[in-house]
Amino acid sequence: MASYKFNLKPKKVAKIRTKHRKIVSSIPPKETVDKIRLMKKYEPESMHMELPVLWNRASGYRIFDTVGNCWIDFCSGIFVTNIGHGHPKILKSIENTLKKPLIHNYYFPSHIRAKLVKKIIEMSPKRLNRVFLLTTGTEATECALKISRIWGKKTNPKKIGIISFEGAMHGKTLGALMVGGKTKEKHWIGKHDPNIHHLPFPFPELCPWAKTKDHKCDGDCFNKSIRFLTKKVKPSSIASIFIESYHGWGALFYPVSYIKALERWAKKNKILIVFDEIQAGFGRTGKMFAFEHYSIIPDIICCGKGISSGLPLSAVIGKKELIDIDPSLNSTHGGNPVCCAAALANLEVIQEENLVSEAKRKGVLLEKELHRIQRIYPLHIRYVTGKGLVYALHIIDPLTHQRDTILVDKIIERCMEKGLLMIRTGLGTIKIGPPLMIPDEALYEGVSVLEEAIREIINFG
Ligand SMILES: Cc1ncc(COP(=O)(O)O)c(C=O)c1O
């Protein structure tokens, strides 16, 4: 992915002891380096792209190793632990299931799954009354793709086209990768599906219709993109449009007027709208589902990650007519009872602890702080984008104006040395997404660590 390699030699760093962070050893500690060396003997490099922080336990918004260090988690693992790591209610619910014991029941009925599916549908928009449970996000995408095409073919054998967006992430299995817009990851595919089409993402830097950095990318951009596409593709051949609720790597949201134009066109041409809420759902953006920002109700919603805050469970939600369209839908671990127990407890906590409105409130604080930092480093921070508790700083090289992935890696590595943990997007953004329950004080402290790291790396390398 990136050419920068994180340091794997224990380095002496300043000791830190605050209420929220502890750095008491060299970073990375020798023990971590030894473990990484051992794992690297057996695992692919792709499993060693993230910062060298050994997770021994994780609780709330903090990650602990075995030698006494503790980091503030600014990435919720990988935007998963919306209610925080190891929430007592989730632990209890898992424990109760384990104690029975019940750790597997395939799709034979269970009490816990009955409660979970009822809860998911109660939390979903009214007209979406069916939910199919799976394990990973990518499976949810595959399922939505299959449903779209079976549904489309029922009206017209040629209605199998899928539209999605350049740069979008929908998963890593074959169908999901083809629907997604990450061109670099598709080199091995061979024959590309001619019925999958990608529109430019409506953000000035990425949109061919934008002439200036401040261009609005409104409904007009959608109309132009669709006119361009429909020169070679008939609207009647399109079954569905997949929308990643925000572009993950950059926390980039669509302009509302763009989505409204898209919705009008989709309705006119009887095309399903599928929202990929796998990263965005369950409070992350300050709404229960991120599509609410666009005042739209999708036909199908794909969920994962924050639906359980840690155990592998995903879901495809839609109208009965759609979800029931394929009688062959099933998967060995879909609706696993331990995962269902975690998900049910997770959804209850999101409501009981008002985490959706908390994400919205804290997002306002976070945005203000990030804009303040941008004003200090306007040559390096091109944009601050996001909503709720998902934000991104877009980092550029002031000379070339290109996105600077190496500068990003150096900054997040320095953050790690100071007790703040972030993930690598590999695309020139510093992405911030702490658990929604993070205390304000820890959020501010994390941002001040980030600011310190930016200052040190920009000024001294
Ligand atoms: C928007 C989106 N869709 C799909 C996926 C794939 O989910 P999973 O890794 O659980 O297969 C991801 C994962 O990062 C995602 O962010």
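Residues: numbered from 1 along the sequence shown. One-based numbering, in listed order, for ligands and for the atoms of each.
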Per-atom contact, atom 9 (O) of ligand 1, protein heavy atoms, under 4.0 angstrom: no

Check whether any heavy atom of Thr141 sits under 4.0 Å from an atom of ligand 1. no

For ligand 1, is there an atom lying under 4.0 Å from some heavy atom of Lys305? yes

Test Phe289 against every option in Phe282, Phe275, Tyr294 by the ring pair (Phe, Tyr, Trp, His ring centres under 6.0 Å) rule and name the one that passes. Phe282

Is the closest side-chain donor-acceptor distance between Ser309 and Thr81 under 3.5 Å? no

Are side-chain N/O atoms of His85 and Asp73 paired as donor and acceptor at under 3.5 Å? yes

Main-chain N/O of His394 paired with Thr429 side-chain donor or acceptor, under 3.5 Å: no

Please write down residue, atom name and distance for the protein heavy atom closest to [atom].
atom: atom 16 (O) of ligand 1; answer: Gln279 NE2, 3.1 Å
atom: atom 3 (N) of ligand 1; answer: Asp276 OD2, 2.7 Å
atom: atom 15 (C) of ligand 1; answer: Met169 CG, 3.8 Å

Side chains of Leu133 and Leu116: closer than 4.5 Å at any heavy-atom pair? yes

Arg361 side chain near Asn354 side chain, heavy-atom distance below 4.5 Å: no

As an exercise, identify every atom of ligand 1 less than 4.0 angstrom from a heavy atom of [X].
X: His170; result: 3 (N), 4 (C)
X: Gly137; result: 7 (O), 8 (P), 10 (O), 11 (O)
X: Gly171; result: 4 (C), 6 (C)

Within a radius of less than 6.0 Å around NZ of Lys216, do more than 12 heavy atoms belonging to other residues, nucleotides or ligands occur? no

Structural part of Thr138 in contact with ligand 1, heavy atom criterion under 4.0 angstrom: both

Here's one to test your reading of the geometry: is the NZ or CZ of Lys431 within 45 degrees of the ring axis of Tyr391 and under 6.0 Å from its centre? no

Is it the case that ligand 1 has an N or O less than 3.5 angstrom from some N or O of Glu244? no

